[in-house]
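Shown next, in structure tokens, is the structure this report addresses.
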Amino acid sequence: MIFLQQLSQNRLTGAVIVALCICALAFWVPTDIDSGIIEKVRRRYQIGDMLGPVTALLIMLVGGIWLATSDQKKPVQGVSKATIMLLIYGGIVALSLMLMRWAGPGAVALGELVGLVEPGTGYRPLRDSLPWKFVGFLLGGGVLVASLSSLADRQWSWRRLGLGILIAFVLGAVFDLPFEDLILPPNGDV
């Protein structure tokens with residue numbers, strides 16, 4: 001108990017994040033994902049299935065190390081406040097993932113209603129064409145970035161949402177432009 005009283009909330013959170021990332025990198029990624037980070041297929045380089053999870057886990061690992069080595073002196077607070085924050089973060093991520101999954105098909109359905117898309121086309125044939133392939137990624141990613149940054153700063157603004165959408169666009173362009181066969185998430189599953 002004395003150990004927990006000397007441990008700050010940031011250090012505890014950072015240590016948990018570091019432990020989870022190391023476990024995921026050591027056990028989940030190698031056992032669940034068959035391809036490597038970058039694959040050479042028929043004299044062409046392609047993104048492997050491992051690139052996304054490994055990149056995300058490494059970024060989280062760096063953040064966890066940063067939190068674990070921070071000098072905050074505030075002692076660990078009650079579990080109820082931490083649980084509420086985890087539920088809020090989980091809700092933001094869940095909302096963002098739902099927007100990412102359903103915004104594209106919803107935009108195509110709306111496009112069919114107003115005559116932008118031929119009726120009966122559906123989303124699947126359009127999932128790799130502009131602008132439809134970016135709709136879910138931009139909206140879900142933009143809401144995720146804007147909501148999490150607003151929660152961290154305790155201040156909401158439309159500028160944050162615009163910046164979040166811009167960040168999602170840059171990430172989408174970085175992954176989409178160099179590879180002609182890549183379908184942005186979650187369009188591969190739709």
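Side chains included, hydrogens not; waters and symmetry mates left out as well; all remaining heavy atoms used.
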key: For the student: nearest non-hydrogen atoms of L67 and I17, plus distance   = CD1-CD1, 4.2 Å
inquiry  = For residues L166 and V145: do they belong to one hydrophobic cluster (side chain heavy atoms under 4.5 Å, members Ile, Leu, Val, Met, Phe, Trp, Tyr)?
reply    = yes
ask   = Do the side chains of L144 and I88 join up, straight or via other hydrophobic residues, at under 4.5 Å, putting them in one cluster?
value = yes
message = What's the separation between atom OG in S147 and atom CG in L161, rounded to the nearest 0.5 Å?
response = 8.0 Å
request  = Indicate the atoms forming the closest heavy-atom contact of A103 with L139, along with that distance.
outcome  = CB-CD2, 3.8 Å
message = Could you see if L58 belongs to whatever hydrophobic cluster contains L51? Use Ile, Leu, Val, Met, Phe, Trp, Tyr and a side-chain cutoff under 4.5 Å.
response = yes
inquiry  = With clusters defined by side-chain heavy atoms of hydrophobic residues (ILVMFWY) lying less than 4.5 Å apart, directly or transitively, does L110 cluster with F137?
reply    = no
Could you tabulate the donor-acceptor pairs under 3.5 Å formed by side-chain atoms of residues 20-31, not counting sequence neighbours?
{"unit_1": "W28", "atom_1": "NE1", "unit_2": "D32", "atom_2": "OD2", "d": "3.1"}
{"unit_1": "T31", "atom_1": "OG1", "unit_2": "F27", "atom_2": "O", "d": "2.5"}
{"unit_1": "T31", "atom_1": "OG1", "unit_2": "W28", "atom_2": "O", "d": "3.3"}

inquiry  = Please give me the minimum heavy-atom distance between Q155 and R160, naming the atom from each residue.
reply    = O-NE, 2.9 Å
message = For the CG atom of L171 and the CD1 atom of I167, what is their distance to the nearest 0.5 Å?
response = 7.5 Å
inquiry  = For a quick test of reading the model, state the closest non-hydrogen atom pair linking M100 to G141 and the distance between them.
reply    = CE-N, 3.7 Å
Over 12 non-hydrogen atoms of neighbours within 6.0 angstrom of CH2 in W156 = yes
ask   = Which pair of non-hydrogen atoms, one from W132 and one from A107, has the smallest distance, and what is that distance?
value = CZ3-O, 3.6 Å
task = Hey, could you give me the CG/CD1 distance between L87 and I92, rounded to the nearest 0.5 Å?
result = 11.5 Å
key: Closest non-hydrogen atom pair, L148 against Y89   = CD2-CD2, 3.3 Å
request  = State yes or no: do V135 and L113 share one hydrophobic cluster built from I, L, V, M, F, W and Y residues joined by side-chain heavy-atom distances below 4.5 Å, directly or via other members?
outcome  = no
